Amino acid sequence: MTAANDPIAELRSAVDRAALALRDGEPTGPAPTLERPPKAELGDYSSNAAMLLAAPMGENPRDVATRLAAELGEQLGEETVERIEVAGPGFVNLFLADAWYRRAMASLAAAGERGLGPEPTAMPERVLVEFVSANPTGPLHIGGGRHAAYGDSLVRLLEAVGHEVEREFYVNDAGGQIGRFAASIAARMRGEEPPEDGYEGAYVGDLGKQIAAEGIDPGDLEAVGRRGVELVLEIVRGTLDRFGVHFDNWVSERDLYSRGEVDAALAQLEREGHTYRSEGALWLRTTSFDDDKDRVLIRANGEPTYLAADVAYHWDKLERGFGRLIDVFGADHHGYVARLRTSIAGLGADTDRFEALIMRLVHIVESGERAQMSKRSGEFVLLDELLDDIGADATRWFMLWRSHDTTVDLDLELARRQSNDNPVYYVQYAHARIASILRKAELEPEQVVPGAGIETPGSTLEPTERELVKRLLEFPGEVREAAIRRAPHRICAYSTTVAADFHGFYRDCKVIGAEGEGVERSRLALSLLVKRTIAGSLGLLGISAPERM
RNA sequence: GCCCCGAUAGCUCAGCUGGAUAGAGCGACUCCCUCCUAAGGAGUAGGCCGCAGGUUCGAAUCCUGCUCGGGGCGCCA
């Protein structure tokens with residue numbers, strides 16, 4: 001929707017003009033709000049403008065509100081606004097006329113299938129979102145699934161508001177755990193148990209069989225490890241594929257070393273004077289950036305730490321021209337964030353461009369009890385297992401519907417249920433229900449939409465219709481807010497509300513065969529607009545919007 | 001000890017850059033299909049918004065202190 005035909009913007013600017021008129025053209029302080037009041041009897045929209053004006057004008061808020069209401073009435077005209085009331089401490093409440101709703105529907109219809117979202121941001125950025133980045137030493141657990149769902153949805157949100165975004169998976173294919181991984185596979189190839197600190201899972205044996213079949217010598221740990229990582233990544237990629245998550249880039253830690261990027265980053269830190277040698281190790285002076293102790297970059301044994309590679313990696317990201325780096329980390333990494341941030345500062349980069357989002361854990365719950373199954377206790381349930389059980393749509397939903405900084409208890413019993421108790425089906429059902437209505441009407445979308453703003457002489461809009469229109473108008477703002485706050489869960493909540501409003505409308509308003517001139521077409525059009533909005537919302541979550549259920 | 005997160009209905013959580021009588025889902029209890037998908041809807045019950053101060057015309061929301069819970073404080077990744 002463009003600003004020119006945005007019915008909310010129309011109201012907002014009328015409020016601004018009225019406020020300005022009361023102040024004789026003097027600029028006002030903070031911009032007045034225009035929001036939905038908590039109760040229907042308080043009107044369609046409401047503004048706090050009078051309360052903001054009262055202080056600088058030295059007057060009672062309610063008196064200011066009364067004058068503002070009169071001014072606003074003139075600005076909008078009888079055609080648009082039925083009445084304006086002053087209420088509470090000085091709110092100005094607008095009760096809009098059907099004509100305004102008609103225009104709103106027409107502008108939603110004009111926005112078309114893809115235009116229901118927000119206007120592109122005035123300040124688009126090139127954003128890199130790094131997420132999942134699970135160690136390539138085994139299949140993805142459900143924790144990785146939450147990261148995948150969240151990161152992917154975040155990218156969709158950022159793109160929806162006009163940023164240019166890439167998805168990236170960092171492959172930790174260097175370091176100690178790869179050695180232990182290789183040793184574990186090699187042990188299985190020889191028919192032995194993996195070492196004490198090795199990898200136990202059954203997949204390790206499978207990998208061993210395949211690697212042996214390819215003629216690789218278990219004595220060549222380098223080759224075993226390399227091939228093992230490749231095979232695990234194939235598995236991971238397959239799982240992500242099922243889940244509908246596709247990465248633009250897979251960046252290998254090992255490549256950072258072989259391209260000399262780690263050395264280059266360390267040299268840069270050294271030049272900037274942020275490193276020193278002590279106890280045989282190379283240290284990064286992170287304490288000069290508020291860390292509570294300095295950190296090791298190169299161990300006394302000459303091996304670089306994970307941090308050394310990660311500094312190089314983030315340097316590389318910045319070199320690639322991204323204006324914003326978003327890292328999605330697990331809860332166990334949060335202590336690490338400050339370290340990484342200070343390292344980035346040490347390289348002379350602007351730390352405001354770096355953002356670390358911490359994901360809390362996922363617990364699997366069954367019938368209210370925290371599941372304690374041997375194979376699937378806590379977060380060690382495989383994502384593939386969960387997908388087998390409840391499917392990609394429900395998995396996505398239950399991974400996303402809570403804020404990323406709160407622990408999710410995923411109730412398998414609820415997620416499995418294909419009924420109204422299950423919120424994901426509730427929303428999808430609304431979409432399918434509308435599809436069914438439209439099928440029954442035997443009209444193509446092109447035939448329906450032009451009727452969106454159609455006049456219905458002799459009949460007025462039902463309250464549930466008005467409610468629905470206002471809800472649809474919230475969509476762009478919801479998307480913008482969800483993107484800014486990095487909060488896909490808001491879209492879950494919003495889509496549930498849209499679905500609930502639709503079901504209410506469906507109850508009160510007969511669509512097909514509705515009486516009155518233009519009423520049926522108007523309602524069909526409204527239904528189609530709801531369908532598009534639900535599809536758009538679910539799309540931001542990576543969840544399908546079925547035509548039939 | 002230090003750092004990060006949380007604390008809102010019986011349960012799981014929204015709401016948090018200040019606004020009016022604090023919301024949703026689940027669970028509990030009542031009802032509603034000769035009617036476009038009952039995978040739906042209507043209703044009832046259920047709250048010291050952790051505690052105590054502060055800022056404000058106004059605080060679940062902002063500030064301070066405290067309590068409780070989770071996580072983190074490696075020359076692991």
Side-chain angles (χ1 to χ4, degrees), chain A residues 30 33 35 37-39 41-42 46 48 51 54-55 60-61 87-91 93 133-135 137 172 174-178 180 197 253 279-283 291-293 295-307 309-310 330-339 356 358 360-361 365 368 401-411 413-414 417-430 432-441 484-485 487 489-490 492-494 496-497 499-500 502-504 506-514 520 523-524 527 548-549:
Chain A
T33 58
E35 52 192 7
K39 297 278 174 187
E41 55 270 29
L42 297 171
S46 143
N48 67 350
M51 279 129 80
N60 176 308
F91 287 102
N93 295 337
S133 297
N135 278 335
T137 51
N172 297 128
Q177 91 276 7
I178 297 298
R180 289 195 295 280
D197 55 355
E253 182 182 1
E279 302 161 58
L282 181 69
W283 294 74
D291 203 354
D292 50 1
K293 60 172 291 203
R295 306 294 169 173
V296 170
L297 289 168
I298 307 278
R299 302 183 182 98
N301 67 8
E303 290 291 317
T305 60
Y306 178 78
L307 177 63
D310 222 11
D332 57 340
H333 271 62
H334 96 254
Y336 180 74
V337 172
R339 220 171 302 168
I358 303 298
R360 301 336 273 203
L361 300 176
V365 170
W401 72 327
R402 299 310 183 205
S403 161
H404 68 89
D405 58 14
T406 185
T407 306
V408 159
D409 285 328
L410 196 160
D411 189 333
E413 208 249 328
L414 174 64
R417 238 181 288 168
Q418 304 214 347
S419 74
N420 54 333
D421 312 334
N422 186 337
V424 61
Y425 287 102
Y426 180 83
V427 175
Q428 289 182 317
Y429 179 64
R433 209 177 202 186
I434 296 169
S436 166
I437 293 169
L438 295 174
R439 273 195 302 275
K440 199 139 206 156
I484 288 170
R485 295 180 185 232
H489 74 277
R490 285 177 158 256
C492 291
Y494 173 72
T496 306
T497 311
F502 177 76
H503 291 308
Y506 178 85
R507 176 194 70 241
D508 291 350
C509 302
K510 195 167 175 55
V511 178
I512 293 175
E520 179 185 275
R523 287 180 180 169
L524 279 171
S527 301
R548 295 170 199 273
M549 288 175 77

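Computed over heavy atoms, backbone and side chain alike; hydrogens, waters and symmetry mates excluded. The sequence lines fix the lettering, A, B, ..., with proteins before strands; numbering per chain opens at 1. Quantities reported herein were computed from a predicted structural model and do not represent experimental measurements.
Across every strand in view, B/rU56 sits unpaired, with no contact that passes the Watson-Crick or G-U test at under 3.5 angstrom. In this structure B/rC2 sits in a base pair with B/rG72, meeting the Watson-Crick or G-U test at under 3.5 Å. Pairing for B/rU21 is absent, with no Watson-Crick or G-U wobble pair whose two atom distances lie under 3.5 Å. Across every strand in view, B/rA28 sits in a pair with B/rU44 that passes the Watson-Crick or G-U test at under 3.5 angstrom. As the counterpart of B/rA38, no nucleotide is assigned, since no Watson-Crick or G-U wobble pattern has both distances under 3.5 Å. Searching all strands for a Watson-Crick or G-U wobble partner of B/rC51 with both distances below 3.5 Å returns B/rG65.
Residues A/Trp401 and A/Pro423 have side chains in contact (heavy-atom distance under 4.5 Å, counting atoms from C-beta outward). Side-chain contact between A/Arg402 and A/Arg360: absent, with no pair of heavy atoms (C-beta onward) separated by less than 4.5 Å.
A/Arg402 comes within 4.0 angstrom of a base, heavy atoms only. Across all strands, A/Asn93 comes closer than 4.0 Å to base atoms (heavy-atom distances). Residue contacts shown for A/Glu35 are absent, as no nucleic acid heavy atom lies under 4.0 Å away. If you check every strand for non-hydrogen atoms under 4.0 Å, A/Ser436 touches a base. Residue-level contact check: A/Trp401 touches neither bases nor backbone, having no heavy atom under 4.0 Å from any strand. Residue contacts shown for A/Ala87 include a base, since a base heavy atom lies under 4.0 Å away. Contact annotation for A/Ala331: backbone-only contact, meaning every heavy-atom pair under 4.0 Å involves sugar-phosphate atoms and none involves a base. Counting non-hydrogen atoms under 4.0 angstrom, A/Arg523 reaches nothing in the nucleic acid. Among the atoms of the strands shown, only primed sugar atoms or phosphate atoms (P, OP1, OP2) are found under 4.0 Å from some heavy atom of A/Ser403.
Between the C1' atom of B/rC32 and the NE2 atom of A/His503 lies a distance of 16 Å, rounded to the nearest Å. Between A/Asp405 atom CG and B/rC4 atom P the separation is 14 Å, expressed in whole Å. Counting to the nearest Å, the C1' atom of B/rA38 and the CE atom of A/Met549 are 13 Å from each other. When the P atom of B/rG23 is taken as reference, atom OH of A/Tyr494 falls 20 Å away, rounded to whole Å. One can place OH of A/Tyr336 at 15 Å from C1' of B/rC73, the figure rounded to the nearest angstrom. We find that CD of A/Glu303 is positioned 14 Å from C1' of B/rA77, with the value rounded to whole Å. Between the P atom of B/rG72 and the OH atom of A/Tyr306 lies a distance of 16 Å, rounded to the nearest Å. B/rU17 atom P lies 12 Å from atom CD1 of A/Ile484, rounded to whole Å.
Summarising the geometry of A/Arg295 relative to A/Leu307, their closest heavy-atom pair is CB-CD2, 3.8 Å, with the distance given to 0.1 Å. Nearest heavy atoms, A/Ala309 versus A/Glu253: CB-OE2, 3.4 Å.
Listed pair A/Arg299 / B/rA77 meets the phosphate criterion, a side-chain N or O lying under 4.0 Å from OP1 or OP2. Between B/rA38 and A/Tyr506, a contact under 4.0 Å exists linking OP1 or OP2 to a side-chain N or O. Between A/Lys440 and B/rC35 there is no side-chain N or O to OP1 or OP2 distance below 4.0 Å. Considering only side-chain N and O atoms, A/Arg485 lies under 4.0 angstrom from the phosphate OP1 or OP2 of B/rC16. Proximity of A/Arg433 to the phosphate of B/rA39: no side-chain N or O atom is located under 4.0 Å from OP1 or OP2. Note on A/Arg490: a side-chain N or O is less than 4.0 Å away from OP1 or OP2 of B/rC16. Proximity of A/His333 to the phosphate of B/rC4: no side-chain N or O atom is located under 4.0 Å from OP1 or OP2.
A gap of 34 Å separates the C1' atoms of B/rG10 and B/rG54, to the nearest Å. One C1' atom belongs to B/rC57, the other to B/rC13, and the distance between them is 32 Å to the nearest Å. Comparing B/rC26 with B/rA39, their P atoms are spaced 15 Å from each other, to the whole Å. Using P as the reference atom, B/rG41 and B/rG47 are 25 Å apart when rounded to the nearest Å. Taking atom C1' in both B/rG72 and B/rC62, the straight-line distance is 27 Å, to the nearest Å. Separating the P atom of B/rU12 from that of B/rG70 is a span of 14 Å, rounded to the nearest Å. The same atom, P, is picked in B/rA42 and in B/rC33; the two are 15 Å apart, to the nearest Å. B/rG6 and B/rU44 are spaced 34 Å apart, taking the P atom of each and rounding to whole Å.
Because its NZ or CZ atom is both nearer than 6.0 Å to the ring centre of A/Tyr506 and within 45° of the ring axis, A/Arg433 counts as a cation-pi partner of that residue.
Ring orientation note: the planes of A/Tyr336 and A/His333 are nearly perpendicular, at an angle over 60° on the 30°/60° scale.
Side chain of A/Thr305 to backbone of A/Ile298: no donor-acceptor contact under 3.5 angstrom is found. A donor-acceptor pair under 3.5 Å is absent between the side-chain atoms of A/Glu520 and the main chain of A/Ile512, judged by distance alone. With hydrogens and angles disregarded, a donor-acceptor distance shorter than 3.5 Å links the side chain of A/Gln177 to the backbone of A/Asn172. At least one donor-acceptor pair under 3.5 Å links the side chain of A/His404 to the backbone N or O of A/Ile358.
Comparing B/rG70, B/rA14, B/rC75 by their nearest atom to the side chain of A/Ala493 picks out B/rA14. Comparing B/rC76, B/rC36, B/rG71 by their closest approach to the side chain of A/Arg180 singles out B/rC76. Checking B/rU21, B/rG41, B/rG71 against the side-chain heavy atoms of A/Glu41 singles out B/rU21 as nearest. Side chain of A/Glu253, nearest nucleotide from B/rC75, B/rA77, B/rC35: B/rA77.
In textbook terms, a nucleotide whose glycosidic angle is within 90° of 0 is syn, and B/rC33 is one such case.
Checked by distance alone, A/Thr305 brings no side-chain donor or acceptor within 3.5 Å of a matching partner on the base of B/rA77. Contact annotation: side chain of A/Asn48 to base of B/rA20, donor-acceptor pair absent below 3.5 Å. A donor N or O paired with an acceptor N or O is found under 3.5 Å between the base of B/rG71 and the side-chain atoms of A/His334.
Comparing A/Pro37 and A/Ala281 against RNA chain B, the residue whose closest nucleotide sits nearer the 5' end is A/Pro37. Remark on RNA chain B: of its neighbouring residues A/Ser46 and A/His489, the 5'-side contact belongs to A/His489, judged by nearest-heavy-atom nucleotide.
B/rA20 has its base stacked against the ring of A/Phe91, the centroids being under 5.5 angstrom apart at an interplanar angle below 30°.
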